[in-house]
Amino acid sequence: MAAIELRSVGKRYRGPDGLVVALEDVSLTVSAGQLLAVKGPSGCGKTTLLLTAGGLLRPDGGQVLLNGTDLYAVSAEERAAVRATTVGFVFQQFHLIPYLSVLDNVQTATLGAPAGCNCGKAMAMLNRFGLADRAQHVPAELSTGERQRVALVRAMLNDPTLVLADEPTGNLDEDNARIVLCHLAEYAEAGGAVLLVTHDSEAAQRAHRIIPLSKGRIVSASAERDARQLEPKDPT
Amino acid sequence: MRIRRLIFREIAYRKLNFGLAVLGVLMAVGCLVAATTLLRSHDLGTDRIMSIRQAATAEAMRALEDDYRKITKKLGFNLLILPRGQNLADLYAEDYASSMMPDSYVDKLANASIMSINHLLPTLQQKIVWPEHKRTVLLTGTRGEVPILHRDAKVPILQAVAPHQAVLGYELHTSLGLTVGDVITLMGERFTVSKCLQQRGSKDDITIWIDLAQAQKLLDKPGLINGILALSCHCFGARMPRIRQEVESILPDTQVIEFLSQAVTRAEARTRAAETAKQTEEAVRVTRADLRRQREAFAGVLIPAVTVGSMVWVGLLALANVRSRRSEIGILRAVGVGSRRLFSLFLTKSVLIGLAGGCLGYPIGFLVGAMLGGGPLDTRALFDPAVFLAVLVGAPLLAALASWLPAAIAAQQDPAVILRED
């Protein structure tokens, strides 16, 4: 079953020189257990695609179906509730809250979830991501790689159906980039769906499928590659 | 992780923003509480000053009244009860009343519950020619004061003259060379001079006082008198109408006249003194009321100005807080925190600011108000639970109101814009 399906999604922004096409007739599907990479240069609409898929940016046209539910057919509050339980975000800039400890930052994922916080699970995941000894540290005390791992734990804490990763390796060195990609691949292997947008060809190589995006359009159907099994590696 | 923890962590992280906002609320609350405490202290001070003044006035009035009573008594009787038919023109021309009334009237008056007069003295007076000396005298018969039954016994103003004794006025005893112990003959009766009076400068100087019964016999007026002298009670304000009403209700065929004596002047002086005391009290009251009005007017301008200023201040700080938390807002929206929840998050923080400002501002304002009030620091008397409750409820409400717009801006921010920009 498709975790997320985009049907002819279009999005335009009003710029100083008129309308700018960010997405044009984009259709794609990410199934459970699949890591899909959308690859393209800066400004091709990758982030717009990710935010639209995550229910944060209403498209001008088309549909976004998350677990079969049309995300933009429900109210903003309902969409937020859906996001809280079924979507996890990872950004290039990490977006960690500077005054919260690592453990608290991870647990912000539960603020919108009805089940509330699960401290034990958060600690277990931090341990798995090699961050247990950093649980009481604030983001400013972490390396960039550690920060991105914290963001990963936050995104995966609620076992969301879909993890959306926007250039997750953009600020990382090679080793840390590899660790992050391995964790994303592991999540997909465990049955989650991961939509990764990147301009980095090497990062895209870790995906089951790569969709090239240019000027808001999927370049061609033939550009899709067959799924390729990734070899999960020990991130630590 | 709960929203509450997020709020407290953020407050601890951005202490300056929180502290400045609390300071703003503190200033407004402090001004309000200081002003209300000052006014309350002013009112208490006014009450205290007025009660001290009233006590001093009452004491002075008591002394004046006592003085008045003594003076009045020294000056003698000031009322004369006469038969109703007595022509007053004749009385003033002849110095005595020609109409008579039974001497039992005085007993009737003394036995009644009369309150407005004291010292009843029945008299029989008549101007005669002293046959033995061929000179005009005023013969006055008196039996002494008749005690009023229901009242405490009083020291009489005038002592009774014993039978066969006589009291002589100044002009008589000096011109005739008489002294105490001399024997005089009056209308064939012999009297021993028991007292020679000092000069009074009145008709008393040509008066001979003898026992009433003997006077009645000499003048052939058995059982009759032509006047009852009395002293008005000093405790009544509108004296004469009351006295007349009381006397005439007991003795309907009588009339009462008052001697325009110094006692009346003294009574007027007493009234004037009381009025002066009241005017002084009133002047103090007016001055205090003016001062209160001034303070109220000042507070009436200061409190709204500081409150509005504080609200603008808190609002601007909240706006700055929202701007500095853009990234945080974006990620919170991304993890599923709805706009309503985000709105309540910012509003809860402002409620805490209001609460902290109120809790700190109240005691500070209270102390400042009490010190400016100048009175003793009587916390129980100055504490106003209504103001305390108003601060406790009002400060968070106003802080929330001031932060409403920034909180709404935070809640309405588009997470996509934030996350894309970052």
Side-chain angles (χ1 to χ4, degrees), chain A residues 11 13 22 45-48 50-52 54-59 75-101 103-114 116-119 122 138 140 151 154-155 157-158 160 164 166, chain B residues 1-19 21 317-318 320-349 352-353 407-422:
Chain A
K11 180 72 188 175
Y13 295 116
K46 299 190 298 293
T47 301
T48 300
L50 194 95
L51 295 173
T52 305
L56 288 171
L57 185 63
R58 180 181 288 279
S75 71
E77 289 295 321
E78 285 171 319
R79 203 157 49 245
V82 170
R83 214 163 41 236
T85 51
T86 55
V87 181
F89 283 94
V90 185
F91 297 97
Q92 183 178 354
Q93 299 297 339
F94 326 127
H95 286 294
L96 298 178
I97 297 174
Y99 51 84
L100 293 182
S101 68
L103 183 61
D104 284 340
N105 257 296
V106 165
Q107 289 184 102
T108 54
T110 62
L111 281 175
C117 62
N118 186 339
C119 190
V138 291
R154 181 180 63 195
L157 184 67
N158 291 335
L164 299 167
D166 185 5
Chain B
M1 179 70 178
R2 291 176 188 277
I3 285 283
R4 193 174 55 225
R5 185 174 173 83
L6 189 74
I7 292 168
F8 284 110
R9 290 278 173 188
E10 196 273 334
I11 288 171
Y13 181 66
R14 294 190 177 91
K15 293 182 193 73
L16 185 64
N17 181 284
F18 183 78
L317 285 166
N321 188 244
V322 168
R323 289 176 70 88
S324 65
R325 296 173 73 181
R326 265 174 62 83
S327 170
E328 186 186 328
I329 291 166
I331 195 63
L332 286 175
R333 294 296 303 277
V335 298
V337 175
S339 56
R340 268 183 247 160
R341 196 126 186 249
L342 204 62
F343 179 72
S344 69
L345 185 149
F346 279 89
L347 224 52
T348 305
K349 185 188 169 186
L352 289 174
I353 287 168
I409 289 170
Q412 293 307 313
Q413 281 196 354
D414 188 345
V417 173
I418 298 168
L419 296 169
R420 204 173 55 233
E421 281 175 0
D422 289 346

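Bear in mind that the values here come from a model prediction, so they are computed numbers and not experimental data. Letters A, B, ... mirror the listed sequences (proteins, then strands); counts begin at 1.
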When you compare the side chains of Q107(A) and T110(A), does any donor N or O come within less than 3.5 Å of an acceptor on the partner?
no

Hey, are the side chains of F346(B) and I409(B) touching, using non-hydrogen atoms and a 4.5 Å cut-off?
no

Please state whether the side chain, the backbone, both or neither of R9(B) comes within less than 4.5 Å of a heavy atom of chain A.
both

Leading residue by heavy atom contact count with chain A [cutoff under 4.5 Å; candidates I3(B), L6(B), D414(B), L332(B)]:
L6(B)

First locate atom CD of E328(B), then atom OH of Y99(A), and finally report the distance between them rounded to the nearest 0.5 Å.
3.0 Å

Chain B: which of L50(A), T85(A), T52(A), T108(A) shares the most heavy-atom pairs with it under 4.5 Å?
T108(A)

Under 4.5 Å heavy-atom distance to chain B, tell me which part of L51(A) shows up: side chain, backbone, both or neither.
side chain

Between R154(A) and chain B, with a heavy-atom cut-off of 4.5 Å, which part of the residue counts as in contact: side chain, backbone, both or neither?
side chain

Heavy-atom pairs under 4.5 Å with chain A, option from G338(B), G336(B), A416(B) with the top count
G336(B)

Within this structure, what is the CD-CG distance for the pair E10(B) and N17(B), rounded to the nearest 0.5 Å?
7.0 Å

Against chain A, label R340(B) side chain, backbone, both or neither, depending on which of its atoms sit under 4.5 Å from a heavy atom there.
both

Top of A81(A), G88(A), A76(A), G112(A) for chain B proximity - count of heavy-atom pairs under 4.5 angstrom:
G112(A)

May I ask you to test the L419(B)-F89(A) pair for a side-chain heavy-atom distance under 4.5 Å?
no

From D166(A) CG over to H95(A) NE2, what is the distance, rounded to the nearest 0.5 angstrom?
8.5 Å

Any chance you could measure S344(B), atom OG, to I7(B), atom CD1, to the nearest 0.5 Å?
7.0 Å

For each of L57(A), T48(A), L111(A), T47(A), tally heavy-atom pairs with chain B at distances under 4.5 Å, and name the one with the top tally.
L111(A)

